[in-house]
Each structure stands twice: as structure tokens, then as C-alpha cells.
Student: 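Okay, handing you the structure first.
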Protein chains: 2
Amino acid sequence: MITLTEENYIKEIYHLGSNGSTSVNTNAIAVAMNTKASSVTDMVKKLSEKKYADYKKYQGVTLTDLGRHVAVNIIRKHRLWEVFLVEKLNFSWDEVHEVAEHLEHIKSEKLINQLDAFLEFPKHDPHGDPIPDKEGKFQHIEKIILAQAEVGSKYKCVGVDDSSSSFLKYLDSNKIALGTNITILHKEPYDNSLKIEIEDCEIVVSQNVAKNLYLKKI
Amino acid sequence: MITLTEENYIKEIYHLGSNGSTSVNTNAIAVAMNTKASSVTDMVKKLSEKKYADYKKYQGVTLTDLGRHVAVNIIRKHRLWEVFLVEKLNFSWDEVHEVAEHLEHIKSEKLINQLDAFLEFPKHDPHGDPIPDKEGKFQHIEKIILAQAEVGSKYKCVGVDDSSSSFLKYLDSNKIALGTNITILHKEPYDNSLKIEIEDCEIVVSQNVAKNLYLKKI
DNA sequence: ATATATTTTTAGACTAGTCTAAAAATTATT
DNA sequence: AATAATTTTTAGACTAGTCTAAAAATATAT
């Protein structure tokens with residue numbers, strides 16, 4: 001049996017290691033999970049014993065195929081629950097993460113597959129992140145960050161890189177949501193801030209914001 | 001903070017003690033929870049320290065108002081999730097308990113109140129058990145057990161006392177569900193079995209069955 | 001290439017929850 | 001009322017996960 005804590009470590013190693021493809025440092029995990037390096041070392045040994053990860057002392061940790069499979073399944077559950085919360089229970093996109101952190105650990109294949117069907121097999125969560133299907137396949141969409149958008153072109157907002165509550169609330173207050181159309185009006189060379197048009201409003205956003213918003217050309 | 005284990009003990013003490021009204025023995029809890037008496041003693045001390053229960057050595061344990069409040073809230077969540085699983089995700093009534101045992105521990109007031117609204121404030125779960133409202137108020141329906149029904153009278157099935165998978169599957173195979181009409185045709189004095197009519201079918205049920213089915217006169 | 005700084009691991013301790021086995025209290029029986 | 005049977009509690013040990021502090025390994029800087 002896999003424990004809740006093991007699941008959380010696996011998920012974090014997956015995210016920190018570019019979707020489970022690269023090796024992750026002990027300290028990076030400790031910082032991300034708000035624990036200490038010594039706790040991470042212990043857990044990483046355990047994950048290695050249980051074949052969820054490959055680990056050599058002082059060399060960082062990488063997920064095995066099994067570990068990646070577990071991670072993808074947790075992510076599938078997390079994102080499907082997020083869709084449920086927004087679509088059916090009227091949560092806003094900045095409220096869903098916390099609750100989904102708990103719902104993602106409920107273990108029932110039938111539950112998650114029926115939920116998937118009930119939601120009509122959504123391909124993306126409320127932050128634009130792709131939802132893997134039953135087989136763990138992701139359907140990625142081509143997207144760029146706002147910071148890389150061309151002046152004069154028109155885009156559609158398709159996701160966020162930072163899904164912190166504060167960033168999402170900032171977007172809300174500026175009427176930016178998934179699906180919102182954005183035209184790039186001007187790029188300020190001094191600080192890389194951007195003047196953009198959103199539904200007939202002109203606003204200026206910082207480089208920081210521009211690095212955290214995903215767009216698709218339309 | 002209350003732990004998952006504490007919640008499970010509180011819930012069990014509530015059920016074993018006639019909805020939190022009477023004292024419960026250490027052994028009864030141990031049997032119900034599949035643990036040992038010594039583990040129960042430890043936990044009961046802890047619940048007492050945390051003001052969820054009153055406990056005196058060798059005298060059994062009773063929930064406090066606070067403990068009852070916690071129990072009712074868990075039951076509310078359990079039963080609402082059961083309705084969700086049956087109504088929205090096409091689970092059958094014998095599959096929901098196990099999953100609801102986990103969902104009931106998710107801690108989010110908004111989640112459960114929105115779920116309640118989404119389900120249109122159901123008053124009973126798929127087994128006919130009452131669902132407490134936000135304030136913890138139950139809406140009981142007058143009901144009798146089949147064993148106490150009068151020969152010749154007509155009833156509607158409104159609940160089960162045993163919600164084990166095997167009993168529910170037995171009911172399925174005999175076309176008995178919540179809302180099914182039942183007429184009592186004959187009571188066999190020898191073994192208290194009953195001949196009943198269900199939707200133009202006559203079947204005989206044992207006393208065991210008759211003690212676990214709730215009816216309402218129509 | 002040697003010293004310094006950083007990262008990682010080990011060692012040992014703590015908490016929550018569990019167990020077994022033995023002791024203590026309560027209840028039932030004669 | 002004394003003994004036997006049952007129930008409950010205590011004592012001590014175990015696991016999972018965490019921590020601090022010290023030791024060991026790796027990486028960086030001169």
C-alpha cells in the first residue's frame with residue numbers, strides 16, 4: 001500500500017523534475033514540501049525501496065516508470081476535482097487547489113472514471129493545465145508565455161504558470177480569465193512591461209505577470 | 001486540529017452509543033473498529049483531553065456536545081457524498097459506503113454546503129438514512145421494520161437497517177429498492193418469515209430480512 | 001590543489017497510532 | 001462474600017513520519 005505522504009513526495013518529485021523526467025535534489029524537495037532535508041532523505045530511500053524512484057546517495061532522485069504512473073494518476077485526480085469544483089460547485093479558480101490537494105488522494109478507480117465522464121472528459125483544468133486521460137496521456141496545446149508574444153498580434157489566454165491565489169485574484173481584478181482575448185499593444189524596453197488590450201480596455205502588466213500567463217495565437 | 005483517526009473513533013462512539021446519547025464500552029469500540037481494547041483506551045483518553053468525550057476509567061465513554069457536533073458533521077458529509085455517488089456518478093447503493101468513508105474526512109465547509117445545494121438539499125441518503133442539515137438538524141420519517149408490519153396492509157420501503165453490501169445485493173435481486181411498494185400477505189408463525197407482494201410478485205423473506213427493512217404505511 | 005562553503009546523510013529523539021502481554025478493576029457465579 | 005470470569009488499563013515495544021545536530025560528501029573559490 002502507498003501512503004498519503006509517499007503520494008505527496010512522488011507528486012512533488014514529478015513536478016520539480018520536469019514532469020518526472022529529470023533528477024531532483026534533496027533540498028529542492030525539502031523547500032517545496034516544507035520539510036527538512038533529513039526527512040526527504042529518509043522518504044527518498046523508502047520510495048527507492050518501493051520501486052517508485054531511483055536514488056543514489058548524494059546524487060538526487062528520479063522517478064521510475066511506476067513512480068511517474070502514480071504521479072500522473074494523482075495529477076489526473078487533482079485536476080478533475082478542480083474542474084468539478086468550478087463547474088458544478090461554483091468555486092472560483094483561486095479556491096480549488098487547496099481542496100483538490102485532499103480529494104486527489106481518494107483511491108477509487110470507479111470514482112475518478114465516473115467523475116471524468118460526468119464532467120464530459122475535460123481536457124484542461126481551471127488553470128489551463130492538461131488533464132491526463134485514463135491511460136495517462138496528456139493532450140498538450142501549443143502555447144507561449146505573454147512575455148514572448150509579438151506586439152500587434154492577437155492572442156487568447158489559455159493558462160497560467162503561477163496558480164497562486166494572489167496571482168489568480170490579480171487576473172480576476174483585471175478581467176483576465178481562460179478564453180479572454182488579448183492584443184499586444186506595446187512593449188516597454190526599459191522594464192519589459194507590456195501594454196495590452198483586453199475586451200476594449202487597455203492595461204499595463206509587469207514582466208512578472210507576463211511570464212506567468214499562457215497565450216495562444218488566434 | 002482533529003486527526004482522521006480521532007474522527008473515526010468519534011463517529012463510531014456516536015453510532016454505538018445510540019447517536020451519541022449513551023455510554024459505550026471499550027470492547028465494543030475495539031470490535032467495531034477492528035482494533036484492540038488497549039488502543040481504544042489510549043484514544044479515549046485523548047478524546048477526553050480534547051473535550052470530545054467524557055471518560056472515567058472502567059466506566060465507558062460518552063460524547064460531549066462538541067463530540068456529537070463533530071460526529072453529526074461527519075455523518076452529514078458521508079451521506080451527502082453517498083447521494084452524489086448514486087445520483088451523479090451512477091454508483092449502486094452497495095458501492096457507496098466504502099468511498100464515502102474516505103470522502104467524509106475532507107475538510108471544507110464550502111465544499112460540503114455547495115455539494116448540498118448541488119444535490120438540491122437531499123433529506124435522505126441512498127439507504128434511507130436522514131441527512132442532517134447545516135445546523136445538524138435531522139429530519140426523521142416515521143417508519144417501522146418489516147417484522148412489525150401488519151398482515152394485509154400496504155407499505156412503502158423507506159430504508160434499511162443493515163447497509164452491508166450482501167444485504168443490499170439481496171434486495172436488488174428481489175427487486176426491492178427505496179420507494180418500492182410492499183403488501184404483507186402472510187406471516188408464518190413457525191419461523192416468523194413473511195410472504196409479501198412486490199410489484200405483482202410474491203416472495204417469502206426470512207425474519208432476518210424482515211428485521212432489516214424499514215417501511216412506511218401508505 | 002587546498003581550503004571553504006554548501007548539500008546531503010546519519011544518528012538519535014519525538015509524536016501518533018498501533019500491538020502484545022501482564023496487571024488491575026469490575027462483573028458474574030456459586 | 002469469596003472465587004472465577006470478563007473487561008479494561010498499563011507497560012513497553014513497534015512503525016511511519018518528523019525533527020535537530022553532527023558528520024560526511026560534494027561543489028566552489030581562491
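Lettering follows sequence order; numbering is per chain, from 1.
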Student: Under 4.0 Å between any heavy atoms, over every strand shown, what does A:Thr5 touch: base, sugar-phosphate, or nothing? Just pick one.
Tutor: sugar-phosphate
Student: Could you check how far CD of A:Glu7 sits from P of D:dA16, rounded to whole Å?
Tutor: 16 Å
Student: State which residue, out of A:Arg79, A:Lys77, A:Lys11, fulfils the salt bridge (Lys or Arg N to Asp or Glu O under 4.0 Å) condition with A:Glu101.
Tutor: A:Lys11
Student: Quick one: B:Leu4 CG to D:dA16 P, roughly how many Å, whole number?
Tutor: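 Taking atom P of D:dA16 as the reference, CG of B:Leu4 is at 18 Å.
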Student: Report yes if some heavy atom in the side chain of B:Asp116 is under 4.5 Å from a heavy atom in the side chain of B:Phe84; otherwise report no.
Tutor: no
Student: Looking at A:His127, is its backbone amide N or carbonyl O close enough to the side chain of A:Ser163 to form a donor-acceptor pair, meaning the two atoms are under 3.5 Å apart?
Tutor: no
Student: Using atom NZ of B:Lys36 as one end and atom C1' of D:dA13 as the other, report the distance to the nearest whole Å.
Tutor: 15 Å
Student: To the nearest Å, how far apart are A:Ile29 CD1 and D:dT18 P?
Tutor: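 To the nearest whole Å, that distance equals 12 Å.
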Student: Under 4.0 Å, heavy atoms only, any strand: does A:Asp42 hit a base, just the sugar-phosphate, or nothing?
Tutor: base
Student: What is the nucleic acid contact for B:Ser39, judged by heavy atoms within less than 4.0 Å: base, sugar-phosphate only, or nothing?
Tutor: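 If one applies the 4.0 Å heavy-atom cut-off, B:Ser39 turns out to touch a base.
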Student: Between atom CD in A:Glu49 and atom C1' in D:dT15, what is the gap in whole Å?
Tutor: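 Taking atom C1' of D:dT15 as the reference, CD of A:Glu49 is at 13 Å.
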Student: Is the NZ or CZ atom of B:Lys110 both under 6.0 Å from the centre of the six-membered ring of A:Phe91 and within 45° of that ring's axis?
Tutor: yes
Student: Please give, in whole Å, the distance from C:dT8 P to A:Lys56 NZ?
Tutor: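 Rounded to the whole Å, the gap is 16 Å.
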Student: Using OP1 and OP2 only, check whether a side-chain N or O of A:Asn27 sits under 4.0 Å from C:dT6.
Tutor: no
Student: A:Ser38 has a side chain; which of C:dC19, D:dC19, D:dT9 sits nearest to it?
Tutor: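 Among C:dC19, D:dC19, D:dT9, the one nearest the side chain of A:Ser38 is D:dC19.
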Student: So if I take every side-chain heavy atom of A:Thr26 and compare against C:dT8, D:dT8, D:dT10, which nucleotide ends up nearest?
Tutor: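 That would be C:dT8.
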Student: Measure from CE on A:Met1 to P on D:dA16 and round the result to the nearest Å.
Tutor: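 Taking CE of A:Met1 and P of D:dA16, I get 13 Å after rounding.
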Student: Would you kindly compare A:Asn34 and A:Gln59 by the position of their nearest DNA chain D nucleotide and give the one closer to the 5′ end?
Tutor: A:Asn34
Student: Just to confirm, is there a sub-4.0 Å distance from OP1 or OP2 of C:dA16 to any side-chain nitrogen or oxygen of B:Tyr9?
Tutor: no
Student: Taking the side chain as C-beta and beyond, is there a heavy-atom pair between B:Ser206 and B:Asp191 under 4.5 Å?
Tutor: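 Of all side-chain heavy-atom pairs linking B:Asp191 with B:Ser206, none is under 4.5 Å.
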Student: Taking only the side-chain nitrogens and oxygens of A:Tyr58, find out if one of them lies under 4.0 Å from OP1 or OP2 of C:dT10.
Tutor: no
Student: Can you find a side chain N or O atom of B:Lys57 that sits less than 4.0 Å from OP1 or OP2 on D:dT10?
Tutor: yes
Student: Quick check for you: among C:dT9, C:dT20, D:dT8, whose closest atom lies nearest to any side-chain atom of B:Asn25?
Tutor: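 Nearest listed nucleotide: D:dT8.
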